[in-house]
Amino acid sequence: MQSYTINKPISFSGVGLHSGVNTNITLKPAPINSGIFFNRIDQKIIIPAQWDNVISTKFSTNLGKENTEVKTVEHLLSALAGLHINNCEICIDNIEVPILDGSSKIFVEEIQKIGLSNQNDNQNILEIIKPVKFECDYGYAELLPNKNDQEGLNINLESFFDGKYEDQDIKVQNLNGNYVDSISKARTFGFFHEIEYLKSQNLIKGGSLDNAIVIKDRKPLNKEGLRYENELMRHKVLDVVGDLYLSGYPIVGTYKGFKTGHYITNNLLRELFKSEENYLIHQIH
Ligand SMILES: [Zn+2]
């Protein structure tokens with residue numbers, strides 16, 4: 001696979017879902033082998049988008065270094081992964097990536113408008129060679145080698161919304177080909193009765209029906225309804241794609257999970273990188 005950056009700088013502004021602060025970000029083209037990295041321009045701190053820079057996973061994936069944080073990186077990283085961009089500098093002037101419409105649609109569409117730059121170099125992929133699993137008291141996730149007839153990243157999730165919404169399973173095969181249409185538009189979601197708890201935890205200060213689906217009595221409160229019948233599960237796939245991109249590579253393999261979230265996926269990456277026998281980093285053409 002070719003190596004890509006973006007054609008020219010592109011900016012986004014908006015409120016952060018959890019912090020409620022207004023933030024400006026500018027994505028800039030980056031040279032070959034620079035990877036994806038955040039530049040907190042107000043603090044002059046560079047934070048590579050890497051699994052071992054994750055400092056918390058409570059309701060979002062948050063990176064940190066030297067007491068400086070960038071919160072809620074998963075939707076932007078999901079957009080970059082879905083578009084196969086592997087070199088990009090993300091300049092950010094505050095603590096949290098704007099939530100925009102709650103999905104990665106706006107990032108994807110605006111980046112597609114300016115276009116990608118083919119960097120005349122091959123990008124490495126990470127292929128799963130041995131199964132790895134992370135399990136906690138409520139759920140699990142595993143990364144498995146692809147079967148012979150499978151290509152790219154395959155995601156297979158089982159849900160359990162415990163009467164709050166109808167349970168749905170989702171199976172996405174070779175996600176690389178259908179990210180933009182099938183996944184990027186799926187918005188983040190929450191349950192009405194949990195809103196007071198989240199607010200008491202100093203979370204979702206920037207949340208509204210403009211950037212999240214809110215489910216009450218198993219139905220969305222949002223006037224426009226859902227963008228896909230199984231939008232909640234598709235958003236979980238969107239999150240998995242973003243969280244897995246913190247591996248630093250596009251993954252070739254199968255991700256399988258039950259009640260997955262940022263905590264489970266980050267710990268799964270930590271398991272993966274415990275042994276070099278679990279994976280192979282190489283180029284595919
Ligand atoms: Zn999300």
Side-chain angles (χ1 to χ4, degrees), residues 12 14-20 23 25 36 38 49 51 54-63 69-83 90 92 95-109 138-139 141 153 155 157-161 164-165 168 170 172 175 179-180 182-192 194-195 197-198 201 203-215 220 222 226-228 230-247 255 257-269:
F12 300 88
V15 71
L17 175 64
H18 293 300
S19 63
T23 303
I25 63 171
I36 309 290
F38 288 85
W51 57 277
V54 171
I55 54 165
S56 68
T57 49
K58 200 173 178 185
F59 297 100
S60 61
T61 300
N62 308 314
L63 302 177
E69 201 178 351
V70 177
K71 286 180 186 290
T72 318
V73 299
E74 62 272 18
H75 302 162
L76 174 56
L77 294 179
S78 185
L80 296 176
L83 294 172
I90 305 159
I92 179 164
I95 197 168
E96 188 171 6
V97 176
I99 188 69
L100 304 178
D101 74 339
S103 73
S104 63
K105 174 178 182 270
I106 295 172
F107 292 127
V108 165
E109 287 178 352
Y138 60 85
L153 175 63
I155 296 182
L157 302 181
E158 289 175 49
S159 70
F160 180 62
F161 293 120
K164 295 183 284 192
Y165 191 70
Q168 291 173 334
I170 191 166
V172 190
L175 190 67
Y179 177 85
V180 173
S182 305
I183 303 300
S184 73
K185 301 179 188 87
R187 292 162 295 173
T188 194
F189 61 91
F191 295 97
F192 184 75
E194 289 169 352
I195 290 175
Y197 166 77
L198 290 168
Q201 299 293 300
L203 295 165
I204 63 162
K205 286 180 181 168
S208 75
L209 290 172
D210 291 332
N211 55 35
I213 300 164
V214 178
I215 300 288
N222 310 61
L226 298 180
R227 292 177 178 176
Y228 309 96
N230 58 350
E231 187 171 355
L232 279 65
M233 290 308 288
R234 289 186 196 235
H235 186 78
K236 279 185 164 282
V237 172
L238 186 156
D239 279 343
V240 167
V241 172
D243 285 336
L244 284 181
Y245 209 30
L246 289 166
S247 67
Y255 178 104
F258 174 68
K259 290 192 84 174
T260 61
H262 310 302
Y263 170 77
I264 287 180
T265 305
N266 186 250
N267 277 286
L268 182 63
L269 288 182

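Numbers for residues simply follow the sequence, beginning at 1. Counting starts at 1 for both ligands and their atoms, in listed order.
Here CG of L157 is found 13.5 Å from NZ of K259. Values are rounded to the nearest 0.5 Å.
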Report task. Please lay out, stage by stage, how R187 and D210 fare under the test salt bridge (Lys or Arg N to Asp or Glu O under 4.0 Å). Result -> CA-CA 10 Å; R187 292 162 295 173; D210 291 332; over 6 Å; no
Requested in this report: Decide yes or no on side chain to side chain donor-acceptor pair (under 3.5 Å) for E96 and T23, but give the supporting numbers first.
Outcome: CA-CA 7 Å; E96 188 171 6; T23 303; over 6 Å; no
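Residue pairs that meet the side chain to side chain donor-acceptor pair (under 3.5 Å) test with at least one member in residues 237-247, sequence neighbours left out, are T61-D243, H75-D239, H235-D239, D243-H262.
Note: Y263 and Y138 have tilted aromatic rings, judged against thresholds of 30 and 60 degrees for the angle between ring planes.
Distances shorter than 2.8 Å separate the Zn ion (ligand 1) from the protein N/O/S atoms H75 NE2, H235 NE2, D239 OD1, D239 OD2.
Geometrically, K164 engages F191 in a cation-pi contact, judged by NZ or CZ lying under 6.0 Å from the ring centre and within 45° of the ring axis.
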